[in-house]
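Everything on this sheet refers to the single structure shown next.
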Amino acid sequence: MASVTLDGVTKEYDDVLAVDDMDLEIRDGEFVTFVGPSGCGKSTTMEAIAGLTLPTRGTVEIGGRDVTDLPPKDRGISMVFQNIALFPHMDVYDNVSFGLRLRKYSGEEVEQRVERAADVVQLEGMMDRMPEEMSGGQRQRVAIARAIVREPEVFLMDEPLANLDAELRVHMRTQLQRLHRELDTTIVYVTHDQAQAMTMSDRVAVIEAGELKQVDPPLTCYDEPNNLFVAGFIGSPSMNFIEGEITDEGFTSTYTDVPFDPAAQGVEPGQAVTLGVRPEDVHLQWNDEQAAAPTDTYGRIVDVLEPMGDEMFVYLLSDEDVEASAEGRGEGQTLMNVGPGEDVAAGDDVEVVFDREKIHLFDTGTGQAIVHGLE
Amino acid sequence: MSDDRQPGPAGVDRTDEPDLDRGIVEAWAARMISNPERAYRASFYVATGFFLVTTLFPFFWLLIVAITPRGDLSDIGVFTPGGTPRTEVTIPLLEWTLAVPAGIPADVNAAAFLEIFDPNVVPFHWYIFNSFLIATVATVIVLFVASLAGYVFGRLEFRGRNPLLLLVLITSFFPPAAFFVPLNRMFNAELEVLSPLLQDGSLYNTPYAIFIPLSALYLPLSIFILMTFYAQIPEGLEDAARVEGTTRLGALFRVIVPLSAPGVATAGVLTFITVYNEYFFSSLMTDGQFQNWAPMLAGILKFQGQYQVLYDLMAAASIVAVLPVTILVIVAQEKIVSGLTAGAVKE
């Protein structure tokens, strides 16, 4: 068990800045997830912690020890890789005991530890199988056993569930959480799947283009995103954004006006802001008691319905002239999340309200959050 | 041609087609067309047979020469050893005469295979031992150095990689003879530094004089083979090994090399065979005495005296000299096959 501290870690490749001056403090025993879109530098950051990549600048400390120039084997870490990376020429036992044998543990100790690790991930009776004879989930469990058998101080996982099918992924997710509880080890986890980030971690580090955008517990990232990127990335389906302007009366845009006192919210009239509201905070007008503080009603046209069983996503158009765009929802298109039995059909004209307490305002220019929840 | 029963191209694939009114060749051709697999198989056997005959016939002839009694060496037939009774057969019309073997040879000299090991003539086993040792050492050195180089060229990105690789490969473009004069002068020079190790301080008449230049000459090919194999091992496996506790070198020898077994076996076998069979340096870097590390080839040449050439012993020695390589290839082939069936290079 150990803390991990990144201080000004920067990684430059020939023409790309993969990680940009990253400062991060991961506490002892904490489960931190790096999340972000593909190519955002989260894997490079993890490789810098593992020692597989040398940072161009900055230092990495594990357990208070500067490990920046140490090779991976001396950092007290273990890692689970996205492509699982079991040694194909070794059976399960040899794979799991590889690190122990390299460290010259006694035969008895190796056997005991392998047995214990196999027990944790339920691999009993598979010790002499070769990796290619196993299913994806079993291989994944072997990889996790190989990582935990050395009882590392820090446990690194680079998209360990990415290559599994959906059902197995959900199953392994709970397994990993249980594992974290049992081992009580510091875990750094990389994923581009925000569902994994939300469900498992103590804190989520949202990374975009090599920069840390927010490091907070998952629900804080969800409820109080620091900026537009985090707001749009965390949550599925993502937040609705409406670009507009502040006037003396409040927020105004082509189809949506939200009256409030600009001074009380810390905004200036004339400022360009983006209003964000999550799909579950958009309600049908006849359900406005579900909103803590409903706004005025807005007329919308139902475009597409997506019944999911337990809930239903309703794509709303602001105006019949507005084309639904494939790239995302902007000013014209709003996504609403309603109960499964609501009486709406494609083409209906409906009145909707937003929940004022769940409205976020962002500075359109800088993307920084200004207000979470209007009074 | 409205008659359906009429044989013709259209009826080829009809299995109940009666082929009574066809000639043998025509029927054979029709069968080939309706079942191309047969044609492919037939051509496979023809091609294989051709290659086997052309490669194995020289060995057969060596065997015939080896077992022919020394007095009959000038009487060797195409398929029979010297001393086989023959009768003259005249081919009608062409008026050619052929000596056709009739009966079995009166005397077969299998002792040639023992005579070659006679310490009073030429102790050929010593020459084989010398060659085997030199080839083994050269193979080990080449595989080790080529593994390091193959790792660097195959798996690392660095400035000037391609020019450097080209430079290494250029070495193999030179004919070995181009290096001979400088190397020979160098190996004959008496180097004080080497005196404690070697009797007279020079490398002439030592195994080093053979395997040093040969290792260097055949290194580029092995580097090239191993480079392509090592480059295919997924990065993740090396990373995993390094995280688990190996250095880069450890990852190379514990993970990358075992997974590249087919490539390593190929490079090893090629190097071993080339060094073992090598003529030029082998015949010039020693004085031909087995005590002075003269290799197998020098031993075969020893049977060629000033006044007499013992062809039967040369032939016997040549056959015996092939055996170590044959055994090696059979063993290595099993490794290659097992490496391939293990599905080694897979994620």
Side-chain angles (χ1 to χ4, degrees), chain A residues 13-14 43 46-47 49-53 70-91 94-105 130-134 136 139 142-150 152 154-160 162-163, chain B residues 143 147-148 150-152 154-162 226 229-266 268 332 334-347:
Chain A
Y13 291 106
D14 288 342
S43 283
M46 170 161 282
E47 281 170 12
I49 298 175
L52 297 169
T53 290
L70 288 184
K73 68 190 180 78
D74 299 330
R75 293 188 173 206
I77 51 148
S78 68
M79 190 160 171
V80 179
F81 294 84
Q82 174 172 6
N83 47 26
I84 298 175
L86 293 182
F87 307 122
H89 57 305
M90 300 180 189
D91 65 16
D94 286 348
N95 259 292
V96 174
S97 61
F98 187 77
L100 295 177
R101 286 182 288 129
L102 281 172
R103 287 175 171 74
K104 306 267 185 278
Y105 280 86
M130 296 303 281
E132 80 259 27
E133 301 165 359
M134 312 183 86
R139 285 185 215 180
V142 177
I144 292 170
R146 183 175 68 180
I148 61 178
V149 76
R150 287 191 285 117
V154 179
F155 203 6
L156 307 175
M157 299 194 183
D158 188 357
E159 307 235 13
N163 289 350
Chain B
L143 284 185
S147 283
L148 299 181
Y151 175 85
V152 170
R155 302 187 65 85
L156 300 184
E157 295 273 336
F158 56 94
R159 212 179 298 270
R161 183 177 72 169
N162 287 342
L226 294 184
F229 271 86
Y230 293 172
Q232 288 170 31
I233 305 297
E235 185 113 20
L237 288 181
E238 190 189 344
D239 288 349
R242 290 176 64 205
V243 167
E244 285 299 300
T246 69
T247 54
R248 275 181 184 274
L249 264 189
L252 171 63
F253 288 109
R254 281 170 192 276
V255 175
I256 298 172
V257 170
L259 289 179
S260 310
V264 176
T266 309
E334 234 160 58
K335 278 259 179 276
I336 294 173
V337 170
S338 73
L340 289 177
T341 49
V345 191
K346 209 194 269 176
E347 253 181 80

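Every chain is numbered from 1, with letters handed out A, B, ... down the list of sequences. Note that the structure is a prediction, hence the values are computed from the model and not measured.
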Quick check against the 3.5 Å criterion: does Arg139(A) have a side-chain atom that pairs as donor or acceptor with the backbone of Leu86(A)?
no
Can you tell me which of Gly236(B), Ala240(B), Ala241(B) forms the most heavy-atom pairs within a distance under 4.5 Å of chain A?
Ala240(B)
Do any of residues 245-253 of chain B come closer than 4.5 Å to chain A, heavy atom to heavy atom, and if so which ones, in number order?
Gly245(B), Thr246(B), Thr247(B)
Using the side chain to side chain donor-acceptor pair (under 3.5 Å) criterion, which residues pair with Arg101(A)? Sequence neighbours excluded.
Ser97(A)
Please identify each residue that fulfils salt bridge (charged side-chain N to carboxylate O under 4.0 Å, His left out) with Glu47(A), with sequence neighbours left out.
none
Where do Gly150(B) and Tyr230(B) come nearest, in terms of heavy atoms and distance?
C-CD1, 3.8 Å
Given Arg103(A), Met130(A), Arg75(A), Arg150(A), the one with more heavy-atom pairs under 4.5 angstrom with chain B than any other is Arg150(A)
Has the side chain of Arg161(B) got a donor or acceptor atom that lies under 3.5 Å from a matching backbone atom of Leu156(B)?
yes
Contacting moiety of Phe87(A), where chain B heavy atoms sit under 4.5 Å
both
Quick one: CG on Leu259(B) to CG on Leu237(B), what's the gap to the nearest 0.5 Å?
6.5 Å
Ile233(B)/Ser260(B) under side chain to side chain contact (heavy atoms under 4.5 Å, CB included): CA gap, chis, key distance, verdict:
CA-CA 8 Å; Ile233(B) 305 297; Ser260(B) 310; 3.7 Å; yes
Region of Met90(A) in contact with chain B, defined by heavy-atom distances below 4.5 Å:
side chain
Taking only residues two or more places apart in sequence, or in another chain, which ones meet Arg155(B) in a salt bridge (charged side-chain N to carboxylate O under 4.0 Å, His left out)?
Glu238(B)
